[in-house]
Each structure stands twice: as structure tokens, then as C-alpha cells.
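Each ligand, and each atom within it, is numbered from 1 in the order the structure gives.
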Amino acid sequence: MTNVVEGFGQAVAELGRVTGRLDEKQITGFIEAVARAKRIFLIGVGREGLSTRAFTMRLMHLGKEAHWIWDDTTPAIGSGDLLIATSGSGQIGHIDYVFDQAAAAGADTAVVTGDPSGRTARKAKTLLWVPAAVYKGNADVVASSQPMGNLFEQSLLILFDQIVIALAQRLGVSKDSMSARHRNVE
Ligand SMILES: O=C([C@H](O)CO)[C@H](O)[C@H](O)COP(=O)(O)O
């Protein structure tokens with residue numbers, strides 16, 4: 001049977017290799033796109049979607065108006081808004097469709113992907129490449145001992161958490177004010 005503690009260490013080492021390949025300029029560009037957006041709309045699928053939903057929650061804690069594309073209360077998107085799409089393989093049909101609709105409505109666009117040559121990524125105004133192994137297998141990324149898209153999905157979660165910390169500094173938002181925005185009905 002696999003040693004779970006060893007596997008944990010291997011996953012952390014893989015994440016370290018992804019860290020070494022991230023582009024600071026792309027991260028700064030992404031942070032600025034979020035900071036200037038009036039409202040932020042997010043979309044992602046599967047486990048990538050779960051990491052992206054966690055980011056959506058933190059954007060709300062930062063005081064940004066943030067909406068998940070498929071929620072019943074999500075309003076119309078338009079000029080001044082930002083669509084953030086996460087698409088590991090960069091080849092997810094319905095994400096590409098939503099991306100085109102948001103762009104046609106005048107929204108700014110950002111794509112976080114494992115493949116910058118993917119059809120949605122190539123159209124994005126802001127691109128953030130996370131060079132980690134994804135579900136269907138992209139070229140030129142950090143390989144992983146883990147199954148499917150684990151490494152990309154873990155990378156997304158940690159990268160978004162660090163982006164939130166940078167955004168909090170950029171926007172002058174304290175940890176206390178983030179906590180104060182958290183749901184207070186249990
Ligand atoms: O949820 C997922 C699956 O469990 C693979 O780990 C993926 O995040 C989802 O299927 C999207 O995968 P990509 O095609 O690599 O974007």
C-alpha cells in the first residue's frame with residue numbers, strides 16, 4: 001500500500017517545481033485585472049471549479065463583488081466586469097462558450113490554464129499559466145506522480161490563496177475586515 005506521508009511529501013515537492021515555473025509578470029497582471037474590476041465572475045469545472053470557488057469566496061471576503069457563473073443569483077455581466085475562467089486543458093467547450101459571451105458583453109477576461117496555447121487562453125486579455133500536469137495531459141508542464149489533474153487543482157488552490165494575500169495588501173484590506181465579511185448566520 002502507498003505510504004500516504006511519503007505521497008504528501010512528493011506532492012509538496014511537485015508543487016515546489018510548479019512554483020519555480022510561475023511567471024511573476026503574469027501574476028501581477030492578473031492581480032491588477034482583479035483589483036480594477038467592478039465585479040468579478042468566475043467559472044471552472046470539476047475539481048478545478050472547486051479550487052476556483054474557494055477563490056470566489058475569498059474575493060467576497062476582500063470586499064469584491066464576486067459571482068459564480070452558474071449560481072441562480074448571478075447577474076448580467078458587462079463592461080467594467082472581469083470574467084475569470086480556469087481551464088486546465090484549455091479545451092473545455094462550455095467554458096469557451098461562456099468566455100465568448102462574456103467578452104461579447106464587454107467584460108474583461110482572464111484565463112488561468114495549464115496550456116497557454118488552448119483555444120480559450122489564446123483569446124484572454126490576461127493569461128496566467130500554471131505549468132502543472134492536468135487531467136488530459138498538457139505538454140511542457142511539471143509532471144506528477146498523482147492521478148489525473150491533482151497537481152493543477154492543488155496548484156490553483158495555493159496560487160489563488162497567495163494572490164488573495166497580495167490583493168489584500170494591494171487593496172489595503174485587513175485580515176479582521178476579511179473575517180468580518182464572513183457569513184454570520186450558522
Ligand atoms: O475535475 C477534474 C478531474 O477530477 C480531473 O482531476 C478536472 O479538474 C476537470 O475535469 C477539468 O479538467 P481539464 O480538462 O484538465 O481542464
For atom 10 (O) of ligand 1, closest protein heavy-atom neighbour | Y135 CD2, 3.7 Å
SB check D115 K136 (cutoff 4.0 Å) = no
Consider only side-chain N and O atoms of Q146 and Q154, and report whether a donor and an acceptor are under 3.5 Å apart.
-> yes
Flag G90 as yes when one of its N or O atoms lies below 3.5 Å from any N or O atom of ligand 1, and as no otherwise.
-> no
closest protein heavy atom to atom 7 (C) of ligand 1 is E153 OE2, 3.4 Å
So, do L83 and D108 sit near enough that their side-chain heavy atoms are less than 4.5 Å apart?
-> no
The protein heavy atom nearest to atom 1 (O) of ligand 1 is R47 N, 2.7 Å
Closest approach of any protein heavy atom to atom 16 (O) of ligand 1, naming residue and atom | E48 OE2, 2.8 Å
Could you go through the side chain to side chain contact (heavy atoms under 4.5 Å, CB included) check for L62 and M178 one step at a time?
-> CA-CA 6 Å; L62 286 173; M178 287 178 71; 3.9 Å; yes
For ligand 1, which atoms, with element, lie under 4.0 Å from some heavy atom of G46?
-> 1 (O)
Numbered atoms and elements of ligand 1 in range of G88, under 4.0 angstrom, heavy atoms | 16 (O)
Carboxylate-amine/guanidinium proximity below 4.0 Å for R181 and D176 | no
Which residue holds the protein heavy atom closest to atom 14 (O) of ligand 1, what is that atom called, and what is the gap in Å?
-> S89 OG, 3.0 Å
Using 30° and 60° as the class limits, which term best fits the ring planes of F55 and F160: parallel, tilted or perpendicular?
-> parallel
Can you sort out which atoms of ligand 1 are near M148, meaning under 4.0 Å from one of its heavy atoms?
-> 5 (C), 6 (O)
Apply side chain to side chain donor-acceptor pair (under 3.5 Å) to T86 and E48, showing your working.
-> CA-CA 7 Å; T86 55; E48 294 168 7; 4.8 Å; no
